[in-house]
Amino acid sequence: MRAAVCPAYGSPDVVRLQDLPSPQPGPGQVQVRVAAAAVNFPDVLLIADRYQLSVPPPFVPGSEFAGVVTAAGVDVVGVAVGDRVAGTVLSGAFAEEVVADSGAVRRIPDGVDDFTAAAFGVAHRTAYHVLRSVCRVRRGNRVIVLGAGGGVGLATVQLATLLGAEVTAVASTAAKLEAAAACGARHLVDHGTIAPGPDRKSLLRKELRGVLPDGAHAVVDPVGGDLAEPALRSLSRGGRFVTVGYASGDIPAIPLNLVLVKGVRILGFQFRDMDGAEMRRNEDELAALLATGRVRPHIGATYPLADTAGALRRVADGGAVGKVVIDIDYGTHSWKSSG
């Protein structure tokens with residue numbers, strides 16, 4: 001099989017296309033013929049050995065995929081050979097075939113294409129769990145979404161809007177904000193127009209105050225960096241700030257006196273911390289939104305497997321609008337990107 005391989009830690013440019021033996025499923029595992037694989041920022045971090053977990057090279061990167069089950073090990077339940085599935089792994093998805101635990105894949109609803117299924121899982125699941133169980137967003141709440149042009153950011157804008165929130169999208173380019181507006185954002189703040197310097201945080205805070213004079217009920221932050229503090233200052237009393245990741249590469253330092261004075265909560269999100277019952281409820285609700293077509297990920301670009309390095313570079317450089325998807329059988333599909 002063809003696969004994108006990381007032979008040694010480094011930048012996305014180290015990734016090369018190679019021929020490898022097909023991976024074989026063990027007990028409780030399935031082999032999937034991959035049609036599409038989505039790129040996530042942790043894939044970039046794994047290649048650079050900067051993620052919270054390490055995979056020793058050489059390895060096949062890629063964590064999110066969609067395709068057809070072609071083989072199953074013993075003790076597999078819930079899926080069978082021939083089923084169309086989407087799933088997640090720590091690594092291995094940027095290849096023509098991948099092996100995953102059967103519990104890590106789910107059937108793709110009828111009418112949902114492989115690209116949509118591959119791009120939907122990580123970003124939309126993260127966004128929905130954050131909004132429903134961490135922010136506890138209600139209809140009429142005001143929500144600030146940082147990094148609103150990325151995969152998690154756009155998913156958060158879309159789902160918060162569906163939950164009845166008034167969304168303020170903060171992003172670095174007009175194209176990203178245009179996508180956020182199409183996903184339902186009511187207010188748009190372009191922080192890319194604010195020059196670096198000692199006044200940057202206060203200028204961004206002023207922009208946010210202009211559109212949210214009464215403050216926000218919640219902030220969802222997948223980027224970190226110098227956006228975090230102005231957004232935290234924009235919360236109304238008792239608001240919630242949820243940190244999801246640090247796509248900017250910088251972990252922000254937060255003045256704790258703001259937490260005391262404003263009575264706000266700073267929370268982190270990880271799937272492993274979810275309450276089991278709440279997680280099942282959220283997953284069922286989200287699956288219904290996908291199956292009925294009420295939610296679709298914004299796929300901003302597709303790349304062939306041979307240019308996996310280019311797809312990773314686009315995500316690493318912050319140039320992606322929404323999700324970037326790798327078309328494993330490039331040229332054989334009629335599907336086109338969103339932009």
Side-chain angles (χ1 to χ4, degrees), residues 123 127-128 130-132 134-248 250 252 254-255 258-259 261-267 298 300 318 321-322 339:
Y128 201 67
V130 165
L131 292 167
R132 285 285 273 132
V134 187
C135 292
R136 303 198 178 280
V137 167
R138 301 289 184 265
R139 181 168 297 278
N141 283 177
R142 298 178 297 277
V143 178
I144 296 172
V145 181
L146 305 181
V152 172
L154 277 180
T156 304
V157 170
Q158 186 180 55
L159 291 168
T161 300
L162 278 174
L163 290 171
E166 176 187 314
V167 177
T168 296
V170 181
S172 59
T173 68
K176 292 180 178 181
L177 290 172
E178 181 180 351
C183 286
R186 185 178 303 182
H187 308 296
L188 308 174
V189 175
D190 186 348
H191 73 85
T193 63
I194 304 174
D199 295 330
R200 178 172 160 81
K201 289 183 180 180
S202 61
L203 290 172
L204 179 57
R205 172 68 185 99
K206 183 178 179 180
E207 290 275 340
L208 289 170
R209 187 185 297 116
V211 297
L212 294 169
D214 296 324
H217 295 91
V219 172
V220 179
D221 180 13
V223 295
D226 63 1
L227 301 180
E229 184 183 329
L232 178 65
R233 290 182 182 274
S234 300
L235 282 170
S236 58
R237 184 164 188 81
R240 296 185 174 216
F241 183 104
V242 184
T243 177
V244 179
Y246 310 101
S248 69
D250 294 322
I254 298 297
L258 293 178
V259 180
V261 172
K262 295 176 71 68
V264 300
R265 298 183 184 183
I266 297 179
L267 304 161
H298 179 100
V321 179

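When all heavy atoms are compared, the tightest approach of Gly210 to Pro213 is O-CD, 4.2 Å. Residue Val220 comes nearest to Cys135 through the heavy atom pair CG2-SG, 3.8 Å, listed as atom of the first residue, atom of the second, then distance. Considering all non-hydrogen atoms of both residues, Pro230 and Ser234 come closest at O-OG, 2.9 Å. When all heavy atoms are compared, the tightest approach of Gly224 to Pro252 is CA-CD, 3.9 Å. Taking both residues in full, the closest heavy atoms of Leu159 and Ala127 are given as CD1-CB, 3.9 Å, listed atom of the first, atom of the second, then distance. Contact record, Ala179 with Val321: CB-CG1, 3.7 Å, taken as the closest heavy-atom pair.
Expressed to the nearest 0.5 Å, how far NE2 of His187 lies from CG of Leu177 amounts to 13.0 Å. Taking CZ from Phe241 and CG from Asp221, the interatomic distance works out to 4.0 Å, rounded to the nearest 0.5 Å. Separating the CG atom in Leu235 from the CZ atom in Arg265 is a distance of 12.5 Å, to the nearest 0.5 Å. Separation of atoms CG (Leu154) and SG (Cys183) is listed at 5.0 Å; rounding is to 0.5 Å. With values rounded to the nearest 0.5 angstrom, Leu163 atom CG is found 9.5 Å from Asn141 atom CG.
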Item to check | Stepwise side-chain contact (heavy atoms from CB on, under 4.5 Å) test for Ile144 and Leu208 | outcome: CA-CA 9 Å; Ile144 296 172; Leu208 289 170; 4.2 Å; yes

Next on the checklist: Checking Gln158 against His298 for the side-chain hydrogen bond (donor to acceptor under 3.5 Å, both in side chains) test, could you report, in this order, the C-alpha distance in whole Å, the side-chain angles of both residues, the deciding distance, and whether it holds?
Outcome noted: CA-CA 10 Å; Gln158 186 180 55; His298 179 100; over 6 Å; no

Checklist entry - Can you check side-chain contact (heavy atoms from CB on, under 4.5 Å) on Leu204 and Leu227, steps first, answer last? => result CA-CA 8 Å; Leu204 179 57; Leu227 301 180; 3.4 Å; yes

Next on the checklist: Show, in sequence, the C-alpha distance, side-chain angles and deciding distance for Lys176 and Asp190, and conclude whether the side-chain contact (heavy atoms from CB on, under 4.5 Å) test is met.
Outcome noted: CA-CA 9 Å; Lys176 292 180 178 181; Asp190 186 348; over 6 Å; no

Item to check | side-chain contact (heavy atoms from CB on, under 4.5 Å) between Val143 and Thr168, intermediate numbers included | outcome: CA-CA 6 Å; Val143 178; Thr168 296; over 6 Å; no

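When each of Arg142, Arg139, Arg186 is paired with Glu166, the side-chain hydrogen bond (donor to acceptor under 3.5 Å, both in side chains) condition holds for Arg186 and for no other.
Between Val264 and Leu232, the closest side-chain pair of non-hydrogen atoms falls below 4.5 Å. Residues Tyr246 and Pro222 are not in side-chain contact: their nearest non-hydrogen atoms beyond the backbone lie 4.5 Å or more apart.
Residues forming a salt bridge (Lys or Arg N to Asp or Glu O under 4.0 Å) with Glu229 (at least two apart in sequence, or on another chain): Lys201, Arg233. Remark: Ala185 pairs with Val157, Val167, Ala169, Ala180, Leu188 by the side-chain contact (heavy atoms from CB on, under 4.5 Å) rule, at least two apart or across chains. Every residue meeting the side-chain hydrogen bond (donor to acceptor under 3.5 Å, both in side chains) condition with Arg200, not counting sequence neighbours, appears here in chain and number order: His191, Asp226. With sequence neighbours left out, the salt bridge (Lys or Arg N to Asp or Glu O under 4.0 Å) criterion links Arg138 to no other residue. Taking the salt bridge (Lys or Arg N to Asp or Glu O under 4.0 Å) definition, one finds that Arg209 meets it with nothing, sequence neighbours left out.
With Lys262 contributing its side chain and Ser236 its backbone, the two residues share no donor-acceptor pair below 3.5 Å. Checked by atom type and distance alone, the side chain of Ser172 never pairs as donor or acceptor with a backbone atom of Gly192 at under 3.5 Å.
Pairs engaging residues 234-244 under the salt bridge (charged side-chain N to carboxylate O under 4.0 Å, His left out) rule: none recorded [sequence neighbours left out].
Arg205 CZ: more than 12 foreign heavy atoms inside a 6.0 Å radius.
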